[in-house]
Every structure is written in structure tokens, then in C-alpha cells.
Protein chains: 2
Amino acid sequence: MTDIAADGPSGRFVDGYLLYLLARASSVASAEFHEEVRARGVPVVVWRVLASLKGADEGLTVGDLAKSCLAKQPAISKTVDKLVGKGLVDRHEDAEDRRRVRVRLTPAGEAHVDELILAARAHQARLVEAIGKGEIETLRRALLRLIERAGAGAPPIDADATPDE
Amino acid sequence: MTDIAADGPSGRFVDGYLLYLLARASSVASAEFHEEVRARGVPVVVWRVLASLKGADEGLTVGDLAKSCLAKQPAISKTVDKLVGKGLVDRHEDAEDRRRVRVRLTPAGEAHVDELILAARAHQARLVEAIGKGEIETLRRALLRLIERAGAGAPPIDADATPDE
DNA sequence: CTCAAAATTATTCCTTTTCATACAATAATG
DNA sequence: CATTATTGTATGAAAAGGAATAATTTTGAG
């Protein structure tokens with residue numbers, strides 16, 4: 001195994017490397033929409049926080065947000081600070097565990113994220129149209145499976161690890 | 001189209017959002033190996049630069065490196081500075097265009113990256129084993145197709161755009 | 001040939017992220 | 001219970017990253 005000559009058509013190692021394909025695909029696919037989001041003056045992290053909160057009616061803890069946004073906890077704490085300042089989210093105590101801070105969308109935040117989600121859905125629809133519905137479903141299933149099983153390889157390492165570029 | 005109730009099993013929007021699945025899959029899949037890389041004292045950007053240079057015997061320009069590493073040009077210029085300092089790469093003029101700077105691996109850099117690539121291949125092999133060879137091939141094809149066609153949707157936007165977390 | 005426009009990289013300045021740590025609350029142990 | 005360990009969040013200093021810009025070279029137009 002680990003065939004020494006399995007580098008894909010080009011000579012470069014990276015062109016056949018799965019983790020690179022994943023990162024590149026994510027980057028390329030997100031580029032257009034992230035551009036659109038930032039054109040509205042919304043940093044990508046903010047979009048992720050708001051999008052993660054949408055549908056979480058009980059709110060999410062800072063830690064959950066960090067995982068969901070593929071970011072570290074301190075970065076989320078600071079982003080939440082700003083969003084509280086803008087009145088888009090609020091913090092409130094968790095009844096069961098007073099260490100936790102639950103972050104919820106305010107009505108203003110909800111309205112804001114609804115617009116963004118509309119744009120996201122439109123963009124996704126264009127993507128599906130360009131790639132093909134069947135292909136997208138295949139991809140979605142493969143990604144879900146990868147997400148499920150990826151962390152399982154090396155149990156010793158804690159589930160947190162390091163987000164990604 | 002853009003079915004308003006197409007959010008996946010959970011209530012949260014993001015759980016059914018393709019760009020999120022891509023980013024999450026990339027993050028989860030890379031987490032383990034990135035941890036391994038950083039445990040050796042190698043920042044992820046450095047790994048990407050070195051890996052991108054492997055097999056590019058003529059060297060790569062700073063701009064090409066930026067694209068390949070999903071980073072911005074100034075970040076790469078600075079990373080290259082450090083790597084030159086460590087003797088892992090060198091800069092030399094491009095004969096055809098003196099604006100360009102070609103970056104090449106030094107013998108020391110080559111040796112260094114060879115070790116890392118060995119580890120990367122081993123990690124990938126474990127991943128393939130965990131997920132299944134067929135599934136991985138399906139995924140690889142879908143990703144390649146996505147990378148090919150993704151930028152095609154909105155021709156006005158330049159190919160650079162924004163990498164991704 | 002001359003001059004304006006475009007391209008490539010380095011640099012500066014500012015924002016964001018990260019690491020380390022501190023603090024508070026819960027869980028676990030004896 | 002009392003004590004220790006663990007978990008969750010915030011904060012401060014340091015590092016990294018990004019936008020804007022300058023300097024140099026090439027390309028294109030007249």
C-alpha cells in the first residue's frame with residue numbers, strides 16, 4: 001500500500017492528494033458566495049455564526065458555535081462580542097450550567113440572517129444546476145460519510161483538534 | 001426550486017448546506033494530519049508551500065504558490081522569507097519575466113518535505129482504509145468535477161476570490 | 001519609440017486569530 | 001462535605017493574515 005507512484009496525472013504530489021482536493025474544492029466552491037457575503041460588509045465568520053444559530057431556537061453555547069464555525073473558542077467569543085454590540089445576537093445564562101453562555105439570534109439578527117440564507121440558497125441552487133443534481137447528491141453522501149467516520153481513525157486524539165485553513 | 005423546507009433532517013439550515021458540508025469535511029479530514037504536522041513544529045502553511053513545490057522542478061512563482069496554498073500573495077511572500085531563512089527553499093529570477101520570482105526547494109527542503117509526504121501518504125492510506133476505497137474514488141471524482149466547474153457559474157468574478165477558512 | 005495600462009512581488013499598517021492563562025462553575029473523589 | 005480535577009468562557013499578549021500600496025517589469029496603444 002501507499003503506492004509510491006500514485007500522485008495523479010501531473011507530477012506534483014498535491015494534485016493527487018485527497019486532503020488537498022477537499023480543501024481546494026471547499027475553497028473554490030465557497031469563493032463566489034463568500035465574496036458575495038463580504039460585499040455586503042459581512043465577514044465570513046459572522047455569516048457562519050449567524051447561519052449556525054438559525055434554527056437553534058434554544059441558542060448555542062460558545063463552544064458549540066466554535067465547532068460549528070470551524071473556529072477556536074476565543075475567536076467566537078470576540079465575534080459574539082461584536083454581534084451583541086450590533087444587536088444581532090444576545091447572550092444569556094444556561095439554566096442547567098452557569099458556566100455555559102447560550103447565544104441566540106435577536107429578531108434583528110434573525111431578519112439579517114434570513115436575507116443571507118436566501119442568498120446562500122440561491123447560490124447553492126446555481127451550483128447544483130452547474131454540477132448536476134445527481135452528482136451533488138453523490139457528493140453530499142460521500143461528504144457525510146467522511147465527516148462521520150473521519151475522526152474515528154485515531155481515537156487517542158481529542159475530538160477538537162484543529163479546524164482548517 | 002430552492003425549496004424552502006430543504007434543510008436536511010435537523011432543523012438547522014447549515015446541516016443541509018453543501019458549502020458547509022464541504023468545509024466541515026475538509027476540516028475534519030485534515031484535523032488529524034495537521035495536528036501531526038504541527039507536532040513536528042511545522043505550521044500548516046509551510047507544509048502547503050513545501051508540498052506544492054514538490055515535483056515542480058522549475059519552481060513555482062509566488063502567485064502560483066498562493067493559489068496552490070489557498071492563501072493570499074502577501075502571506076506567501078512572508079512564509080517564503082522564513083523558509084529561505086531556514087534554507088529550505090530559495091528564490092531565483094525568472095529568465096523570461098523579471099517581475100516573477102521562482103521559488104524552489106533546496107536539497108534540505110526536499111529532504112524535509114519527503115518526510116512529511118511520507119507521513120501524508122500514510123495518513124491518507126489510513127483514511128482510505130477507514131472509508132473504503134470505492135467510496136474514496138467516488139468522492140475524488142466528485143471533488144475534481146466540482147473544482148473544474150465551480151468557478152464557471154459567475155464568469156465576471158475573477159478566478160482568485162477568497163480561499164476559505 | 002513613448003506613454004499608459006496591466007502584472008508581479010514586497011512592504012506597511014491594521015484587523016483577526018491564536019496561545020496561554022485566569023476565572024468561575026460543575027463533577028468527581030475520598 | 002471538603003478537595004481536587006474538569007469543563008466552559010473571557011481576556012491579554014503575541015502571531016498570523018489581509019487590504020492597500022509602492023516599486024519594478026512587461027504589455028499594449030498610438
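The analysis underlying the following values was restricted to heavy atoms, covering all of them including side chains, and did not include hydrogens, waters or symmetry mates. Numbers restart at 1 for each chain; the letters A, B, ... are given by sequence-line order, proteins then strands. Just so it is clear, the model here is predicted, and its values are computed rather than measured.
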Separation of D/dG8 atom C1' from A/Glu93 atom CD, nearest Å, is 13 Å
Whole-Å distance, B/Glu35 CD to C/dT18 C1', equals 13 Å
Original post:
Any side-chain heavy atom of B/Asp90 within less than 4.5 Å of one from B/Leu105?
Top reply: no
Atom NZ of B/Lys72 and atom C1' of C/dT15 are separated, to the nearest Å, by 14 Å
A/Gln73 atom CD is separated from C/dC19 atom P, nearest whole Å, by 12 Å
Checking A/Arg40, A/His34, A/Glu32 against A/Glu36 for side chain to side chain contact (heavy atoms under 4.5 Å, CB included), the one that qualifies is A/Arg40
Whole-Å distance, A/Asp94 CG to D/dA10 P, equals 13 Å
Just checking, is any N or O donor in the side chain of A/Gln73 or A/Ser77 under 3.5 Å from an acceptor N or O on the other one?
yes
Out of D/dT9, D/dT24, D/dT6, minimum distance to the side chain of B/Arg99 belongs to D/dT24
A/Asp97 atom CG is separated from C/dA24 atom P, nearest whole Å, by 15 Å
- Query: Is there a side-chain contact between A/Asp15 and A/Arg12, using heavy atoms and a 4.5 Å cut-off?
  - Reply: yes
**Request:** For the pair B/Thr61 (side chain) and B/Arg102 (backbone), establish whether a donor and an acceptor sit closer than 3.5 Å, ignoring hydrogens and angles.
**Result:** no
Rounded to whole Å, the CD1-C1' distance (A/Ile76 to D/dG8) equals 14 Å
Whole-Å distance, A/Leu65 CG to D/dA10 C1', equals 15 Å
Of B/Ala95 and A/Gly63, the one whose closest nucleotide on DNA chain D sits nearer the 5' end is A/Gly63
With the side chain defined as heavy atoms from C-beta on, B/Lys78 is closest, among D/dA16, C/dC13, D/dT6, to C/dC13
Below 4.0 angstrom from OP1 or OP2 of D/dA19, is there any side-chain N or O of A/Arg38? yes
*asked:* It should be established whether B/Arg98 places a side-chain nitrogen or oxygen under 4.0 Å from OP1 or OP2 of nucleotide C/dT8.
replied: no
Assign each of A/Val45 and B/Asp64 the nucleotide of DNA chain C bearing its closest heavy atom; nearer the 5' end lies the nucleotide of B/Asp64
